[in-house]
Amino acid sequence: PQQRTMHEMSLLPGFAVSQGIPYAFTNPFISEVPKSAVAFNRGRTRHAFERPTNLVMKMGDQPPRDGSTRRNVMTGVLATLFTALTGSGLTATRVDAEAELASNQGQCFEIIPTGDTAQPCVLGAFTKNGEETLLDGLSSCDVVFLGEHHDKAADHNLQARIVAGLSDRKGNGNVCLGLEMVQVKFQKALDEYINNKKVSEEEAEKALFEGTMWEERWNWPFDRYLPVFREARKRGIPLVAVNVNSESLQKVRLGGLENLDAEEKDLYVADKKGFIEFGKTPGFKQYVNDVVLPSYDFHARMGMLGANPSPARFYASRILWDEAMANLALKYLSETKNDKMTMVMLEGADHVKYRRGTVGRIERLAKYMGKQDCKVKSVLLNPSAVDTLQEPSGPMSLSLAYDGGSMPISDYLWFSQTPSDTLVPPSMKLKYMKN
């Protein structure tokens with residue numbers, strides 16, 4: 001949804017038929033969808049996890065020709081088409097983050113406000129040892145947001161490289177990861193995955209998948225996240241669950257925020273006055289109109305919000321989601337009592353954009369909790385023009401205008417590969433290059 005317009009998505013079945021590719025429509029948010037084993041390769045070992053699949057077959061498999069085809073709606077996945085669109089297969093590729101960091105061909109940019117209404121922001125490119133330079137800067141932060149595409153393997157491989165680079169700079173015990181994809185009630189499963197070295201990698205990952213109820217609670221491909229999970233386990237980097245429990249979200253979707261009990265409100269919203277006042281932040285209304293409500297429209301059209309979707313309740317659950325992630329992250333940092341700790345937040349890009357999702361909330365909450373000097377930076381990973389509210393074929397936009405100003409989309413952009421001049425035209429870049 002973050003990368004494809006509805007029009008583009010509507011073309012996929014026709015293309016699949018024209019190429020002789022079997023396909024099936026799937027909705028991972030509907031519990032009635034049948035389950036099927038998803039197989040993926042890790043080295044020479046093959047595993048299968050149960051999940052409602054949008055990834056049913058590994059590359060090269062063919063759908064069965066017996067009655068199981070009718071019983072399993074999803075045995076004909078868009079495998080080849082998915083690869084053509086995303087540039088990645090359906091297998092979990094082992095990533096050596098340190099080696100990839102040393103040999104990457106990516107490019108990093110700093111977004112620099114200009115004060116000029118005609119061009120509110122420009123890009124400063126890190127040229128000489130660009131990734132190393134940016135990692136040096138990020139290592140001094142309290143919180144670093146990495147805005148991802150949940151289903152994009154390149155983003156998760158890049159996350160693993162960034163985590164490895166920060167860990168190398170800060171040393172053992174000074175980096176942790178905040179995970180949007182895991183709800184707070186499953187913290188014990190994360191701790192077990194990192195700390196239990198008596199089980200094999202295969203056993204640890206299976207336990208993590210099952211212990212976080214990944215198939216019911218997150219749905220995005222588990223194998224895409226394995227590079228960053230494995231990097232964390234190898235280095236003993238704590239994983240922190242920062243998402244709202246489904247039970248709480250369901251209450252909000254049915255009856256609004258007032259439907260939460262006192263314990264839930266205290267868990268997710270420490271600064272209740274600030275939570276309300278944040279909606280008055282300059283530019284927040286524009287962020288809701290251009291980022292949050294289009295997300296509601298998409299989910300409603302796809303049937304992901306039930307029979308009677310409500311934009312007001314979708315909005316309520318969304319702001320609770322962002323507030324809770326900020327609150328739970330800072331709560332963990334406070335409890336560690338380690339001033340050198342950097343938390344790397346892995347979140348969907350929409351939560352990171354324009355500092356009106358989790359980023360701005362964590363800055364507000366830090367002051368509320370007495371940490372006036374909390375340093376927070378945001379990085380968008382492999383952003384497309386669509387991610388910046390532009391047409392797919394056009395250049396990206398670096399900011400969002402609102403009545404009275406503009407908001408930079410993030411502090412930095414980090415591409416796995418050098419972006420095209422169409423996406424990032426020379427006119428966006430400073431005449432000098434930042435070393």
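For N157 (side chain) and P227 (main-chain N/O), no donor-acceptor pair under 3.5 Å exists by modelled atom type. In this structure a side-chain-to-backbone donor-acceptor pair under 3.5 Å is missing from R361 to D322.
Between F109 and F415, the ring planes lie perpendicular to each other; the angle is over 60°, past the 30° to 60° tilted range. Note: F229 and W214 have perpendicular aromatic rings, judged against thresholds of 30 and 60 degrees for the angle between ring planes.
Partners of T336 by side-chain hydrogen bond (donor to acceptor under 3.5 Å, both in side chains), not counting sequence neighbours: none found. S427 pairs by the side chain to side chain contact (heavy atoms under 4.5 Å, CB included) definition with P425, not counting sequence neighbours. Take S420 and apply the side chain to side chain contact (heavy atoms under 4.5 Å, CB included) test, not counting sequence neighbours, and it matches T422, L423.
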Side-chain donor/acceptor pairs under 3.5 Å, residues 402-413, sequence neighbours excluded:
residue	atom	partner	partner atom	Å
S410	OG	Y412	O	2.9
D411	OD1	R355	NH1	3.2
D411	OD2	R355	NH1	2.9
D411	OD2	R355	NH2	3.2
D411	OD2	S378	N	2.9
D411	OD2	S378	OG	3.3

Return all side-chain donor-acceptor pairs below 3.5 angstrom for residues 174-189, not counting sequence neighbours, or 'none' if the list is empty.
residue	atom	partner	partner atom	Å
N174	OD1	N338	ND2	3.0
N174	ND2	K170	O	2.7
E180	OE1	G348	N	2.8
E180	OE2	W321	NE1	3.1
E180	OE2	H351	NE2	3.0
Q183	OE1	R217	NH1	2.7
Q183	OE1	S246	N	2.9
Q183	OE1	S246	OG	3.4
Q183	NE2	S246	OG	2.8
K185	NZ	E247	OE2	3.2
Q187	OE1	A241	N	2.8
Q187	NE2	D191	OD1	2.9
Q187	NE2	L239	O	2.9

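The number of heavy atoms from other shown groups lying within 6.0 Å of CG (D116) is above 12.
For the salt bridge (charged side-chain N to carboxylate O under 4.0 Å, His left out) condition, the pairs that include at least one residue of residues 266-275, sequence neighbours left out, are D266-K272, D271-R364.
When side chains are defined from C-beta on, E205 counts as touching L226, because their heavy atoms get closer than 4.5 Å.
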